[in-house]
Amino acid sequence: MIRLTEDVINFEDVTNSVRDVRAGAVVLFLGTVREITGSDETSHLFYEAYPEMAIRCMHELADEAKQRFPIQAVAIVHRTGTLGPGDVSVAIAVSTPHRAQAFEAGQWLIDSLKERVPIWKQESYKDGRVDWVHPGLDAPAAGKEPS
Amino acid sequence: MIRLTEDVINFEDVTNSVRDVRAGAVVLFLGTVREITGSDETSHLFYEAYPEMAIRCMHELADEAKQRFPIQAVAIVHRTGTLGPGDVSVAIAVSTPHRAQAFEAGQWLIDSLKERVPIWKQESYKDGRVDWVHPGLDAPAAGKEPS
Amino acid sequence: MKIKVLFFAKARSLTGCSAHEFEVADGSCLHDLTTSIYTVFPELLSIGSTLLWAVNGKYSGQDQILSDLSEVACFPPVSGG
Amino acid sequence: MKIKVLFFAKARSLTGCSAHEFEVADGSCLHDLTTSIYTVFPELLSIGSTLLWAVNGKYSGQDQILSDLSEVACFPPVSGG
């Protein structure tokens, strides 16, 4: 399951999609919107994607993860649009024969997604400021960055 | 949520129980019953617990994890009784401000649970053999060990 | 004093019972009780070196002093997860 | 030839448009197109050193040769997750 969605992410479905009788371990990662980062209070986030390229990159990540780790199955679902504090922005699930591999693969997948997949977030603060979050540019730290 | 149950584990509830607007990351670990380990085919597993001590140990693990990692919330649910291939035997969820901490805490919790919490599994193979799985004893490797 | 001992997993399979009461002298430690247990259930000796012991739900060493309120548990290495 | 360029996130905010067509000579590379883009949208220069470029949905270097079928995308560092 590799998907962009504007709807609430059903992480139960994401998780079930990777379960396999050959796997002894499943790891699910959820990125969730933090309300407070340092002294900044987040009102909401807006996630924008370059959809065709984002889907292609997510498939490439899944394929590369399967080469790096002994993975049975991978699922990556990212939400776009407007999200509030506590909402799930991304769900990544992976199943492997043994548990250490599942944690390693899950961490590699979210780290790589945040480096490569063309999705951006714009943060709206409760004091009215609105900033695009672009690592390396000078925008203030955002409620979801880094998670 | 710290619990032993004879029922199917509702891992969606387990996950939701740790979600928090102060957390940017949630990691869920599921231990699932493998059908095949090496040349052994598993028919089913039977999990037995020393319930009072298991619950106490799981609470101790949660408390120790909160000291070791900047955790917002922890949930640990272990199933007992008879489980078939693909079934979830244990669910551990943890929420943290940042993602690396969530993976580290999740791995520490399942590693520690497998070392300390008084729960045992008996494995029934499709060829009729039945073995208690006790690390350090000479029983054959089991479909759930190591995961 | 009488001490209730619980057996789990392979320890239960070997002894054939999930709980048994043992009579030990007042002020006995876990080591004294263990000796009585092996006398009654010598089949446990086959896995004796790996057995773990808990008193009132806490892992305990052989020098742990017992009282008539102690609940002792005897089990092999754990394998949950 | 005409090349369609997509702008995302802060690049879209700065240019004020999500897509724009540019005319470049046949056989141009991405660098040639980039020069045209900065001429039309000099406001992009403020983040120019951080901008990433993709041709037909793949990250591309400035020496990438373009064709009239190329779809080019221009965006700042990604921040999904």
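First the proteins, then the strands, lettered A, B, ... as listed; each starts at 1.
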Task: Contact class of Arg22(B) relative to chain A, heavy atoms under 4.5 angstrom - done: backbone
Task: Heavy-atom side-chain contact between Leu28(A) and Val27(B) under 4.5 Å - done: no
Open item on the list: Quick check: do Thr15(B) and Phe11(A) have side-chain heavy atoms less than 4.5 Å from each other?
Closed with: yes
Open item on the list: To the nearest 0.5 Å, what is the distance between CG on Leu30(B) and CZ on Arg99(A)?
Closed with: 14.0 Å
Task: Asp111(B) versus chain A, the contacting section by heavy-atom distance below 4.5 Å - done: both
TODO: Salt-bridge test for Arg34(B) and Asp20(A): reply yes if a basic N is under 4.0 Å from a carboxylate O, no otherwise.
DONE: no
Open item on the list: Is Val90(B) in contact with chain A via its backbone, its side chain, both, or neither, using a 4.5 Å heavy-atom distance?
Closed with: neither
- [ ] For the residue pair Phe103(B) and Phe103(A), categorise the inter-ring angle as parallel (less than 30°), tilted (30 to 60°) or perpendicular (more than 60°).
- [x] perpendicular
Task: Check: Val88(B) and Arg19(A) side chains under 4.5 Å, non-hydrogen atoms - done: yes
